[in-house]
Amino acid sequence: MEFKDFGFAEPIIKALTAKRYVNPTPIQQQAIPAVLSGKDLCGIAQTGTGKTAAFALPSLDRLARDTKHTPPLTCRVLVLSPTRELAAQIAQSFRDYGRFLPLNVATVFGGVPIHKQIRQLSQGVDVLVATPGRLLDLLAQKAFHLKGVEVLVLDEADQMMDMGFIHPVKQIVSCVPKERQTLFFSATMPKEIAGLAKQFLRDPVTVSVTPPATTAERIVQRAYHVNQSEKQALLTHILRGEEIDRALIFTRTKYGADKVVRALAGAGIDSLAIHGDKSQAQRTAALQAFRNGQIKLLVATDIAARGIDVSGLSHVINFEIPNNPDQYVHRIGRTGRAGQEGIAISLVSDDERSYLKAIERLTRTQSEIVPLPEGMAELVRNLPKPAPRKGAEARPPRPQQPRQHRERGGRSEQGAQGDDARRFRPRRKKSVGAYKGAVQRVG
Ligand code: AMP
């Protein structure tokens, strides 16, 4: 099947051609015809499956075919997203796919001055992508209303629930006209989310690409049983031994994320943290550095990592194991995308073993347990001191020497600051294939 089979309006076909998209992904194949026919949709899919285009393309098609003027202070398509990063990404997708349409796309999220957003919205917009809290603020200030909404999209509904947005979301939905099309997406579909979907949707078509509670295909899962106090040394050892394109390292807390970044910096390994205590500018800079390959390692909390879409994510490392197994599915769903094999590595301490069990029960898979490296005690003893707390992890890397040069011996960011710690040199190592015999494949 090809995109041209959907019969999209010409400007959309043009944009898809410009992006060199030819074949729709499975979620797109299933969802697009239903959405084009005006049906409500319940989509069970993770980031990385192409779900954004699954709702953006048919929504844009509607705008392209019915080019009425957007009334002031409202929008025609409203997308709710749990995080600002995801909101920014979704808006960018709408702009990309809608680049040949006369289209006004805006985002609103917290952490940036509200008055600028108010000004931007006063003329009305075609597409608004918003996080629930900030949108409610705008509605409360009567700076915006939702009476013009024709299409309502709720993206990552399970995350919105986890992040405590359930009441804001319900309030927002109650302000949207009943006569609307609703597209509801969630990576997992526990009972509460299914209840919410039932409340918001009318006679929906349900499509699912990763059956709920299973992990994505093509992800190799490995786990180490390790003491909490040894985790940092083990992480450093793993990072030196793996061929890493780009890895997301998950910690449970913001403090934990900063601590990992400082410890890695001490060992001469560049990474950046992304979490809720960082300013919007820091988060954007970190994400940008990660996307363009300036930095290979991003250390994130679950909340900050929501919706981050970066291609070529070779590894997800669980420095701490989530106590909610769905969260694990979300985390590792970030690797192994676009037909590439991904590796998920979990560092499991004694008190996290029960979390791993719960994950294995939910996903009906088992991680390969990898023995600790020989000389673990020595690795712990030899672990260099963490870099000093201030600013080290918050600053994006220096603007750029070419990447190869850096890898061959250009000074790292920490090196440039006079730290004589050993440098991180990605070595030529075992390819993924080298593990093939030993690993548990999922899917
Ligand atoms: P999403 O799951 O919406 O975050 O999309 C994941 C990635 O796949 C994004 O970088 C999209 O640009 C890309 N993508 C989506 N649909 C297609 C497609 N049909 N062909 C190629 N790439 C796609």
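Atoms within each ligand, like the ligands themselves, are counted from 1 in listed order.
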Side-chain heavy atoms of E360 within contact of S367, under 4.5 Å: yes

Student check: side-chain heavy atoms of R99 and K14 closer than 4.5 Å: no

Counting each atom of ligand 1 from 1 as listed, which ones have a heavy atom of [X] under 4.0 Å away?
| X | result |
| --- | --- |
| F3 | 19 (N) |
| G50 | 1 (P), 2 (O), 3 (O), 5 (O), 15 (C) |
| N23 | 18 (C), 19 (N), 20 (N) |
| K51 | 1 (P), 2 (O), 3 (O) |
| T49 | 2 (O) |

N or O contact, Q28 vs ligand 1, cut-off under 3.5 Å: yes

Geometric N/O contact A53 with ligand 1, under 3.5 angstrom: no

Polar side-chain atom of D155 near backbone of L80 as donor-acceptor pair, under 3.5 Å: no

V22 and ligand 1 - part of the residue with a heavy-atom distance under 4.0 Å: neither

Closest approach of L313 to V316 (non-hydrogen atoms, all atoms of both residues): CD2-CG2, 4.4 Å

Nearest candidate to atom 3 (O) of ligand 1, where distance is taken over non-hydrogen atoms, out of D96, T52, L16: T52

No-hydrogen, no-angle side-chain donor-acceptor test under 3.5 Å, [X] and [Y]:
| X | Y | result |
| --- | --- | --- |
| D137 | Q141 | no |
| D245 | H315 | no |
| R180 | T182 | yes |

